[in-house]
Protein chains: 4
Amino acid sequence: MSSRRSARIPAKECELKTPGRKRCILTQRCILEKTLELLEENGYAELTIEGIAARAGVGKTTIYRWWPNKAGVVMDAFLSSTSHKIPFLDTGSVREDIRLHMRRFVKVLNSPAGRAIAALIAGGRMDEVLAESFRSGFLSARRSEAKQVLLRGIERGEIRADVNPEVALDTLYGPVYFRLMTGHAPLTSGYADAVVETVMPGLAV
Amino acid sequence: MSSRRSARIPAKECELKTPGRKRCILTQRCILEKTLELLEENGYAELTIEGIAARAGVGKTTIYRWWPNKAGVVMDAFLSSTSHKIPFLDTGSVREDIRLHMRRFVKVLNSPAGRAIAALIAGGRMDEVLAESFRSGFLSARRSEAKQVLLRGIERGEIRADVNPEVALDTLYGPVYFRLMTGHAPLTSGYADAVVETVMPGLAV
Amino acid sequence: MSSRRSARIPAKECELKTPGRKRCILTQRCILEKTLELLEENGYAELTIEGIAARAGVGKTTIYRWWPNKAGVVMDAFLSSTSHKIPFLDTGSVREDIRLHMRRFVKVLNSPAGRAIAALIAGGRMDEVLAESFRSGFLSARRSEAKQVLLRGIERGEIRADVNPEVALDTLYGPVYFRLMTGHAPLTSGYADAVVETVMPGLAV
Amino acid sequence: MSSRRSARIPAKECELKTPGRKRCILTQRCILEKTLELLEENGYAELTIEGIAARAGVGKTTIYRWWPNKAGVVMDAFLSSTSHKIPFLDTGSVREDIRLHMRRFVKVLNSPAGRAIAALIAGGRMDEVLAESFRSGFLSARRSEAKQVLLRGIERGEIRADVNPEVALDTLYGPVYFRLMTGHAPLTSGYADAVVETVMPGLAV
DNA sequence: GTATAAACGAGACGGTACGTCAGGTCTTTCT
DNA sequence: AGAAAGACCTGACGTACCGTCTCGTTTATAC
């Protein structure tokens, strides 16, 4: 997703210095930063390439040179930020590990980053490329990490061995995303606890 | 959501009939039908008011007279269709009632109507009015119905009395909406079963 | 110009009174008045039928029932006003008669009525029907009156007999209309005098 | 009138060349040409920006980038054409110079260009900017040229020294514009002669 | 009186053009 | 060669009026 012209040989790998102005790494970073700002301020729909270019003090062309469309920039911008990266702890209790992670996740979702995540999921409904980027760049990494935690629980005998981890993860995190997307009820730490308390007993041995 | 001029006193409440040509009900219906068609054909992003007007053989003004924006029309179009209305049965077993309902719901979500629902949820992220319409016009009705089913289960002694129905519903339907919105894994009847089998044991006495 | 339905038999000529509500003369008058107001306020281009209807508290249909288009209403409105009707005096000197008339005409042109006249002439460039109405309803009456004055001058021996009255009138009033329409220089009483002093010697015996 | 962004420093005055794609002169020319074509075909009222854009194969935005409204484009289109530029000759007789010029002017006014001129004068009644453009871009140049001719006549002793050239010009050309604008009588070469014959004797020594 | 018919207000309706915004491409100039 | 500035075509936006068309109400004859 990072570049539409991925075929090009990156400057670092190619010792033969090519003529011409070098790709300005600061410019890239600036674009991504401003994109994230604007995304959190106004959401995906209000976001425009022209707006990003203006805010970053950059020509539209420069953006189009490196990303295919709005979704591309936004995805890169989101992935380049770190606010949403929440490591799992190993407290000894899987239930506790997941509860703590979900509490922190809920906290992130209530921050501007949450708006960005919702915007990306929503944007995925009108742009399959964006959807795929979100899944491969964000979701799958988090899910495989969480899956490890569940498998650890199975090994330790906390979780029943016949539990399907994919489904189990959905029943834990799905409700959180559901409230994020529809806003039909508040998304609080207490809610994270409640979901864990409702679901985990059914997974335990 | 039915009219941007909600300030007007509806005819039923106000015996003083307003003068002027009456709103042509056929036109309205036609607009909503064509909207649904186009929505299912090309998705929410591709949908344009001009497109709807052209397809329905109607002036753009007529659409803007009654709905504030694209989201409004789409919402009304969706609510006026019946394909997504799935009644709960009473088989005697709450678990079975919900499983059957979820299977049918999954089937609907895989039809064009599912695309519309996803579009509406996504649209709600950029338009709070739309979000609220979706919640009050679609979600809350379905949730209160489902809540009745759960409460019935508690009465019958199938479900633990200390279960929070709101949270329980989220753990059942949240995963389904999660897959609908992110598409990270297929949404099948088997998945509906799996979710029920994962969650229900934790709710049972 | 008064009615689009000129085929109808006017009430006066037809003793058989038709049933039905009679044309409300107050409504008509009100429409014409408000039209004139709006014309003087914003000019012909800004004038809209909807605007007239709103200002007069009248349905659009009522206007379209009696006039074919904007030009029709405006023309009738203008002709029904009297501010622009300036009689010629008979002072004994044709030169003086015309000078006095032109001074008063200039004064009218500097009033809101002048704006209306300019608007009508301008409007005639986009609507030949309006142009023709203006000529037959306004111009020709004034010109034939002025022609009488010139002919009187010829009889009395003040004006050369070989003067073409049409051309002579153009050289007297044309300059005034010219300044009205282009505004390239102010339109004052002194200017009226100057034109008369410039042209009349060439017409005198 | 040439550009709505008159604040910009024109390239000629500013040696620092600005970056960015240069204004495509062919596009401009094409727009103006097609505008003139359409103006002459259907008149000012029928002329639409969309029509011009379509005919010129140009985006509407490109037109709005450089001109504030219809009147602006038309004015530029008119001024960029040369059909209406009629030089004065020096035959030795001022009367003859003016008569010949007026005859040619009348001929132009009977061509499509005349329709454009009338449209511009009419348009000036609803747009003071257009009116001013017309005066400064078209009228004043012609009038100062004509004034020179009259002054030459005074020097030579053909014209009385006490004649006010401004008023004299109005009495000569005003009648022509009058007929152009109202169409109350045909505008022929003979008419040009008649006006000259009526007015000039009063100006001669 | 009671039917009949037209005038009238209100306003819905299918349209056309408006002037604006953003998208994505292309060109020019500077670094 | 990379980057900025910005001109360009495209297409949809939401608005203003157009001129036509129902509606129900009101007002005047005519039976």
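These numbers come from a predicted model, not from an experiment. Letters go in sequence order (proteins before strands), and every chain restarts at 1.
- Taking the side chain of D/T48 as heavy atoms from C-beta on, and the options E/dA17, F/dC17, E/dG24, the nearest nucleotide is E/dA17.
- In this structure, C/M75 and C/W67 have side chains that are not in contact, with every pair of non-hydrogen atoms separated by 4.5 Å or more.
- Between D/T62 and the phosphate of F/dC9, there is a side-chain N or O to OP1/OP2 separation shorter than 4.0 Å.
- Here F/dT22 presents its P atom at 14 Å from CG of B/L26, a figure rounded to the nearest Å.
- Taking atom CZ of B/R29 as the reference point, atom P of E/dA12 lies 19 Å away to the nearest angstrom.
- The shortest distance between the side-chain N/O atoms of B/W66 and the OP1/OP2 oxygens of E/dC13 is below 4.0 Å.
- When rounded to the nearest whole Å, the span between CD1 of C/I49 and P of E/dT16 equals 20 Å.
- Between the C1' atom of F/dA4 and the CD1 atom of A/I31 lies a distance of 12 Å, rounded to the nearest Å.
- Mapping C/G51 and D/I25 onto DNA chain F via the closest heavy atom, the residue that lands nearer the 5' end is D/I25.
- Between E/dC13 and B/Q28, a contact under 4.0 Å exists linking OP1 or OP2 to a side-chain N or O.
- One N or O donor and one acceptor, one from the side chain of C/T61 and one from the base of E/dG11, sit under 3.5 Å apart.
- Residue D/W67 contributes atom CH2, which lies 13 Å from atom C1' of F/dA7 at whole-angstrom precision.
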Would D/L26 and D/R29 count as a side-chain contact (heavy atoms from CB on, under 4.5 Å) here? Give the steps. CA-CA 5 Å; D/L26 283 175; D/R29 191 140 51 212; 4.1 Å; yes
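- For the pair C/K70 NZ and F/dC18 P, the computed distance is 7 Å after rounding to whole Å.
- Nearer the 5' end of DNA chain F, as judged by each residue's closest nucleotide, is the contact made by D/V58, out of D/V58 and C/E46.
- None of A/L36, A/I63, A/L39 except one satisfies the side-chain contact (heavy atoms from CB on, under 4.5 Å) rule with A/I52; the exception is A/I63.
- Residue A/R65 places at least one side-chain N or O closer than 4.0 Å to OP1 or OP2 of F/dA3.
- Nearest-nucleotide positions on DNA chain E for A/L47 and D/L47 put D/L47 closer to the 5' end.
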Between C/R125 and D/R125, is a side-chain contact (heavy atoms from CB on, under 4.5 Å) present by the stated rule, with each step listed? CA-CA 12 Å; C/R125 288 312 90 198; D/R125 288 313 87 198; over 6 Å; no
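- With hydrogens and angles ignored, no donor-acceptor pair closer than 3.5 Å exists between the side chain of C/K60 and the base of E/dG11.
- If you take CD1 of A/I63 and C1' of E/dG23, they are 12 Å apart, rounded to a whole angstrom.
- If you take OH of C/Y64 and P of E/dC13, they are 19 Å apart, rounded to a whole angstrom.
- Looking at D/R55, D/K70, D/K60 one by one, the single match for salt bridge (Lys or Arg N to Asp or Glu O under 4.0 Å) with D/E50 turns out to be D/K60.
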